Asks: 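I'd like to ask you about the structure that follows.
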Amino acid sequence: MRYLCKYRTKLTFLHRMYIEELHSAVGKTVTLKGWVANKREGKGIVFVILRDGTGYCQCVVTEDTAGAEGLANGQDLSLECSVSLTGTVVTDEKQMGGYELQVTAVEPIGKSENYPIAKKEHGVEFLMDQRHLWLRSTRQWAIMRIRNRIIFSIHRYFQDQGFVQMDAPIFTGNACEGTSTLFETDFYGETAYLSQSGQLYGEAMAMAMGRIYTFGPTFRAEKSKTRRHLSEFWMIEPEMAFYDIFQNMDCIEGMIHAIITDVKANCQQELKTIGRDLAILESSMKPFPRLTYDEAVRIIKGEQDVNGKNGIGSLEEELKKVSSRLLEVDAEIADREAKIAGGSLKKGEINFFQNKIDSLKQEKADLEEDARNIPQWIKSAKEFEYGNDFGGSDETVITRLFDSPIMVYDWPHAVKAFYLKRNPENPAFARGVDVLAPEGYGEIVGGGERETNEELLKAKIIEHELPMSAFEWYLDLRRFGSVPHSGFGLGLERMVTWICGLKHVRESIPFPRMYGRLTP
RNA sequence: UCCUUGAUAGCUCAGCUGGUUAGAGCGAGCGGCUGUUAACCGCUAGGUCGUUGGUUCGAGUCCAACUCAGGGAGCCA
């Protein structure tokens, strides 16, 4: 017995493989280690969908190949228990991944009883409470792998060009844009804040390195309950000496193109799993339209069309579509409920109808949400006052008209941050730039050219009622070798959300921290 | 902070204008069928209807307050 165990361990070790490597092992005997993602049973046969983090593979256990003990072990497997399966690799086009394992040995590792996440739709709150387990689901697996790829491609984009990565501090003493959205904490008796941006430190480092980027967590105590907000999120903030706002825009565009190219090349399976419409990613590979604030405002107010489409008009159309779809959904629900009530259906059909009704109800709830929101958006777009910053709804109105991200620049200086440079030709405007993602995703990047003049900066700091003393070191950057420079901040989670086409940012980060959510 | 929607079994939801022992499907347990891909058949267990108070002969259903959650505004990436 002891000998057998030793031998088996050695054999297991020798042939241990990851699912993504199976293409090189057709006809060979290998061992896969992972978790049971799904299981279907028949008489004398068990189908196990095994996942090991690199992919999914159907493994078939029969008495013929695995023996009576193997079959019994296979039958005992439960959802999400861990197991080591040894068997022969065969090709099977019907399977996800294209391969199947004909199992010869089943070695249970860790049990799993009453796994809470079922093969059925769940509510958001329930899933969020189970986030530590939800991450194992196929869809979440795919999203997290795409997130990983995006992070990697961002590093590569900047490293390839010679940018230096730097880490900005998390504890900060100064409030960058007022104190209302900062998390306060005690720092040896002093008040410290959790960083909401590494930008000012990035500027200092750019004067040392030329071009840098930060990549770290940022914290904002905004009590926002929307699909775009997190309290803790990751931001990439490049800062480039001797770049003006237009070179800055080139850099942003290049980065986003690099991310899309990389994700498309390396995450095909993942994109397919989440059902992402790739057309919008394709059309985002061209240069992004660059609009001034003035142009963007005209579009939002419906005074200017884009490719024959009107912003407000298209929202009104959308509203009509929502109402008519709502009627269809209601009719379909009523129809299916009547058929179930009719009593002539078999149990399996009732089950199928019930599932259908559940998802229709979900769609109905979403449509009703839209029906409530869209009129508000139309109203706020019509009433948009020149000179204001864009709100979420304004971004929705304008981005619906484009099939790629757009860049809006030259904002009224009064509504933007103190550190932005004025347009030398028209000081009413600040050289800020926002990148708005299409499909209503809104702002994914905010940035601009920085003010280089010490006196203008001081005036702005006073205007924003910020404590001058906290910015002395920052002003030093203008006193000693000030140069034109620019930078931007990319919200990683918003980027992931857009690339994956998610409904909500909470799925774009492993453990979201948001208003009302601190666990798990 | 404001607006809006909601809270009924482990999960997803019914429960119409207040009326005797609160329902379904999934999941779980047991048994049978099946090279299966969230659609097979049968049986069993499982709920003080978010909390508190009120109206009423009678409240899951009506009213008020609170708590929690979804979405939106503001603010932002």
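Labels below follow one simple rule: chain letters A, B, ... track the order of the sequence lines, proteins then strands, and each chain is numbered from 1. It should be emphasised that the depicted structure is a prediction, and the values quoted were computed from it without experimental measurement.
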Asks: Given rG74(B), rG72(B), rC76(B), which nucleotide is nearest the side-chain atoms of Ser224(A)?
Replies: rG74(B)

Asks: Assess whether a salt bridge exists between Lys320(A) and Glu317(A), defined as any Lys/Arg side-chain N lying under 4.0 Å from an Asp/Glu carboxylate O.
Replies: no

Asks: Between rC13(B), rC75(B), rG71(B), which nucleotide gets closest to the side-chain atoms of His504(A)?
Replies: rG71(B)

Asks: Looking only at side-chain atoms of Asp358(A), point me to the closest of rA77(B), rU12(B), rG35(B).
Replies: rU12(B)

Asks: rA39(B), OP1 or OP2 - any side-chain N/O from Arg336(A) closer than 4.0 Å?
Replies: no

Asks: Look at the side chain of Gln58(A) and the base of rU36(B), then say whether one donor and one acceptor between them are separated by less than 3.5 Å.
Replies: yes

Asks: Of the listed nucleotides (rC75(B), rA77(B), rC11(B)), which one gets closest to any side-chain atom of Phe233(A)?
Replies: rA77(B)

Asks: Between rC76(B), rG35(B), rG72(B), which nucleotide has the shortest distance from any of its atoms to the side chain of Ile45(A)?
Replies: rG35(B)

Asks: Do the charged groups of Asp366(A) and Arg325(A) touch, with an N to O distance under 4.0 Å?
Replies: no

Asks: Can you tell me the Watson-Crick or wobble partner of rC43(B), both distances under 3.5 angstrom?
Replies: rG29(B)

Asks: Kindly indicate whether the side chain of His229(A) and the base of rC76(B) share any N or O donor-acceptor pair separated by less than 3.5 Å?
Replies: yes

Asks: Go through rA73(B), rC76(B), rG70(B) for me and flag the one nearest to the Val124(A) side chain.
Replies: rG70(B)

Asks: With a 4.0 Å cut-off on heavy atoms, is Gly123(A) in touch with a base, just the backbone sugar-phosphate, or nothing at all?
Replies: sugar-phosphate

Asks: Could you check which of rC76(B), rU36(B), rA28(B) has an atom nearest any side-chain atom of Asn114(A)?
Replies: rA28(B)

Asks: Please determine, for the side chain of Lys225(A), which listed nucleotide (rU36(B), rG71(B), rC75(B)) has the closest atom?
Replies: rG71(B)

Asks: With a 3.5 angstrom cut-off on both distances, give the Watson-Crick or G-U wobble partner of rA69(B), or none if there isn't one.
Replies: rU5(B)

Asks: Taking only the C1' atom of each, what is the distance from rU55(B) to rC63(B) in whole angstrom?
Replies: 7 Å

Asks: Compare side-chain N and O positions of Lys223(A) against OP1 and OP2 of rC75(B) and report whether any pair is under 4.0 Å apart.
Replies: no

Asks: Quick one: look up who rG18(B) pairs with, Watson-Crick or G-U, both distances under 3.5 Å, and put none if it's unpaired.
Replies: none

Asks: rG35(B) base stacked by Phe47(A)? Criteria: ring centres under 5.5 Å, plane angle under 30°.
Replies: no

Asks: Under 4.0 Å: is that the gap between some side-chain N or O of Arg506(A) and OP1 or OP2 of rG71(B)?
Replies: yes

Asks: Any strand counts, and the cut-off is 3.5 Å on both contacts for Watson-Crick or G-U wobble. Which nucleotide pairs with rC62(B)?
Replies: rG54(B)

Asks: Could you give the distance separating rU4(B) and rA64(B) at their P atoms, to the nearest angstrom?
Replies: 13 Å

Asks: If you take atom types as modelled and just measure distance, does the side chain of Glu369(A) reach the base of rG70(B) with a donor-acceptor pair under 3.5 Å?
Replies: yes

Asks: Hey, would you say the Tyr386(A) and Tyr293(A) ring centroids sit under 6.0 Å apart?
Replies: yes

Asks: Between rC62(B) and rU8(B), how many Å separate the two P atoms, rounded to a whole number?
Replies: 15 Å

Asks: So, does Arg372(A) get its side chain near the phosphate of rU5(B), meaning an N or O under 4.0 Å from OP1 or OP2?
Replies: no

Asks: Between Phe384(A) and Phe390(A), what is the ring plane arrangement, given parallel below 30°, perpendicular above 60°, and tilted in between?
Replies: perpendicular

Asks: Return yes if a side-chain donor-acceptor contact under 3.5 Å exists between Gln196(A) and Thr181(A), otherwise no.
Replies: yes

Asks: Can you tell me which nucleotide in rU12(B), rG35(B), rC68(B) comes closest to the side chain of Glu125(A)?
Replies: rC68(B)

Asks: What distance, rounded to whole Å, do you find between the two C1' atoms, one in rG60(B) and one in rG6(B)?
Replies: 15 Å

Asks: Using 4.0 Å as the upper bound for N to carboxylate O, is an ion pair formed by Glu232(A) and Arg220(A)?
Replies: no

